[in-house]
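See below for the structure under consideration.
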Amino acid sequence: MKRLKKMGGTISILFTLGLLGFLILFRTINIDNYILLRTDKLYYSELVVDVYGNVMVLIPQIEEGQYSLGLGRSRHISIPQNNLYLYNYNFKIDANTNFVLTHQHTGQQIILGNVLSENKGPYPKVISYKLKIPDDYTAYHQEAESIIPYYRLNLTLLSPRGGGFDYSWEIKTVLIAPNGDKLQFYRSFGHIDNDKNSGIFNSE
C-alpha cells in the first residue's frame with residue numbers, strides 16, 4: 001500500500017513538472033518577462049552618424065563579436081545601425097560643435113556629442129559625422145535572450161505542421177546625459193512584453 005502511494009506521488013510530481021514544462025514551452029506561463037540572460041554592457045565613447053535622403057543612421061562604435069550570456073551560452077553581436085527619420089527628427093551643429101538632436105513634433109532635445117570630423121560619404125548626398133561622446137555620459141549597447149526556448153507554431157496552408165524552437169530576445173542601445181536626458185533604441189522579439197520605446201526621453 002505504501003509502495004502504491006509512493007508511486008502515485010511520484011507520478012503526480014512528474015505529471016505536474018511535465019505540465020509546467022509544456023506551459024512554459026508554449027509560453028502560457030511566460031517567464032521571458034522575468035528571466036533573461038544578458039551580455040555585459042558594451043560601453044562606447046564614439047558615435048558615427050550618417051545622414052542621407054530622409055534617414056539618419058546612428059552607429060555606436062563597439063566591437064563586433066561573440067559575447068557571453070552566461071550558463072555556457074553566447075550571442076553574436078553585430079555593430080548596431082539605428083535609424084531615425086528626418087520627418088520626425090532634425091539636427092544642428094551648435095557654436096560649440098555639439099551635435100544636437102531634436103524631435104520635430106515634441107521639441108525634445110539631446111546633445112549626442114562633439115563633432116570630431118565631417119566627411120562626405122562614397123555616395124552622393126551622404127554626410128558622415130564622427131562624434132566624441134562626453135566623458136560624463138553613459139553610453140552602452142546590450143543584448144539579451146530568454147533562458148529557455150519557446151515553441152513557435154508556423155501553421156500555413158503550405159506547412160500545416162510547421163514550427164520550431166526559438167529564443168525571445170531584446171536589443172537595447174542607450175545614451176544618457178548627466179541631467180537624465182536619454183536617447184534609446186529598443187527592439188524585442190518573441191514573448192518579451194514591455195513598455196520600452198525608442199526615442200528621446202527628457203528628464204523633466
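Just so it is clear, the structure is predicted and the values come from calculations on it, not from any experiment.
Under the 4.5 Å side-chain criterion, counting only non-hydrogen atoms from C-beta, Lys132 is in contact with Asp135. For the pair Leu175/Leu58, no side-chain contact is recorded, criterion being any heavy-atom separation below 4.5 Å from C-beta on. Residues Tyr67 and Ser74 fail the side-chain proximity criterion, which asks for heavy atoms closer than 4.5 Å. For the pair Leu131/Val115, a side-chain contact is recorded, criterion being any heavy-atom separation below 4.5 Å from C-beta on. Counting only heavy atoms from C-beta outward, the side chains of Leu84 and Phe185 approach each other to under 4.5 Å. Looking only at side-chain heavy atoms (C-beta outward), His141 and Pro60 stay at 4.5 Å or farther from each other. The shortest distance between side-chain heavy atoms of Ile93 and Phe99 falls below 4.5 Å.
To the nearest 0.5 Å, atoms OH (Tyr137) and CG (Leu183) are separated by 10.5 Å. Note that OH of Tyr151 and CZ of Arg27 are 14.0 Å apart. Values are rounded to the nearest 0.5 Å. With rounding to the nearest 0.5 angstrom, the OH atom of Tyr167 is 11.0 Å from the CG atom of Asp32. Taken from CD in Gln61 to CD1 in Ile79, the straight-line distance is 6.5 Å, to the nearest 0.5 Å. Here the NZ atom belonging to Lys172 is positioned 6.0 Å from the CD atom belonging to Gln184, to the nearest 0.5 angstrom. To the nearest 0.5 Å, the span separating CD1 on Ile35 from OG on Ser168 amounts to 12.5 Å.
Residues Val126 and Ile59 share a hydrophobic cluster, clusters being chains of Ile/Leu/Val/Met/Phe/Trp/Tyr side chains in contact below 4.5 Å. Hydrophobic clustering (ILVMFWY, side-chain heavy atoms < 4.5 Å, transitive): Phe91 and Ile110 are in one cluster.
Think of Tyr186 as one node in a network of Ile, Leu, Val, Met, Phe, Trp and Tyr side chains linked at under 4.5 Å; its network also takes in Leu36, Ile192. Residue Ile171 belongs to a hydrophobic cluster whose other members are Tyr150, Trp169, Phe189, with links defined by side-chain heavy atoms closer than 4.5 Å.
The shortest heavy-atom contact between Ala139 and Ile133 is CB-CD1, 3.9 Å. Heavy atoms only, all atoms of each residue included: Phe165 and Pro149 are closest at CB-CB, 4.4 Å. Contact record, Asn202 with Gln109: ND2-O, 3.0 Å, taken as the closest heavy-atom pair. Closest approach of Val48 to Ser128, counting heavy atoms only: CG1-OG, 3.6 Å. Between Leu112 and Pro134 the shortest heavy-atom distance is O-CD, 4.2 Å.
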Determine whether Leu47 and Tyr129 satisfy the following criterion, side chain to side chain contact (heavy atoms under 4.5 Å, CB included), listing intermediate values before the conclusion.
CA-CA 8 Å; Leu47 181 69; Tyr129 298 92; over 6 Å; no
Run Val51 and Leu86 through side chain to side chain contact (heavy atoms under 4.5 Å, CB included) and show every step you take.
CA-CA 9 Å; Val51 182; Leu86 296 179; 4.2 Å; yes
Evaluation steps, side chain to side chain contact (heavy atoms under 4.5 Å, CB included), between Tyr85 and Val55:
CA-CA 5 Å; Tyr85 295 94; Val55 180; 3.7 Å; yes
Could you walk me through whether Ile31 and Ser146 pass the side chain to side chain contact (heavy atoms under 4.5 Å, CB included) check?
CA-CA 8 Å; Ile31 64 171; Ser146 56; over 6 Å; no
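Between Thr39 and Gln142, the side chains place no donor N or O within less than 3.5 Å of an acceptor N or O (distance only, hydrogens not considered). Residues Asn114 and Thr97 have side chains that bring a donor and an acceptor to within less than 3.5 angstrom of each other. No side-chain N or O of Asp94 forms a donor-acceptor pair with one of Asn96 less than 3.5 Å apart.
In the displayed structure, Glu63 atom CD is contacted under 6.0 Å by at most 12 heavy atoms of other residues, nucleotides or ligands.
Remark: the backbone N or O of Thr173 is not paired with any side-chain donor or acceptor of Asn82 at under 3.5 angstrom. Within the 3.5 Å criterion, the main-chain N or O of Asp181 finds a donor-acceptor partner in the side chain of Asn179. Between the side chain of Arg73 and the backbone N or O of Ile147 there is at least one donor-acceptor pair closer than 3.5 Å.
Screening Asn83, Asp50, Leu101 against Met56 for a side-chain contact (heavy atoms from CB on, under 4.5 Å) leaves a single residue, Leu101. In summary, of the residues considered (His76, Arg38, Arg75), a side-chain hydrogen bond (donor to acceptor under 3.5 Å, both in side chains) with Glu143 occurs for Arg75 alone. Among the candidates His103, Gln104, His105, the single residue satisfying the side-chain hydrogen bond (donor to acceptor under 3.5 Å, both in side chains) test with Asn88 is His105.
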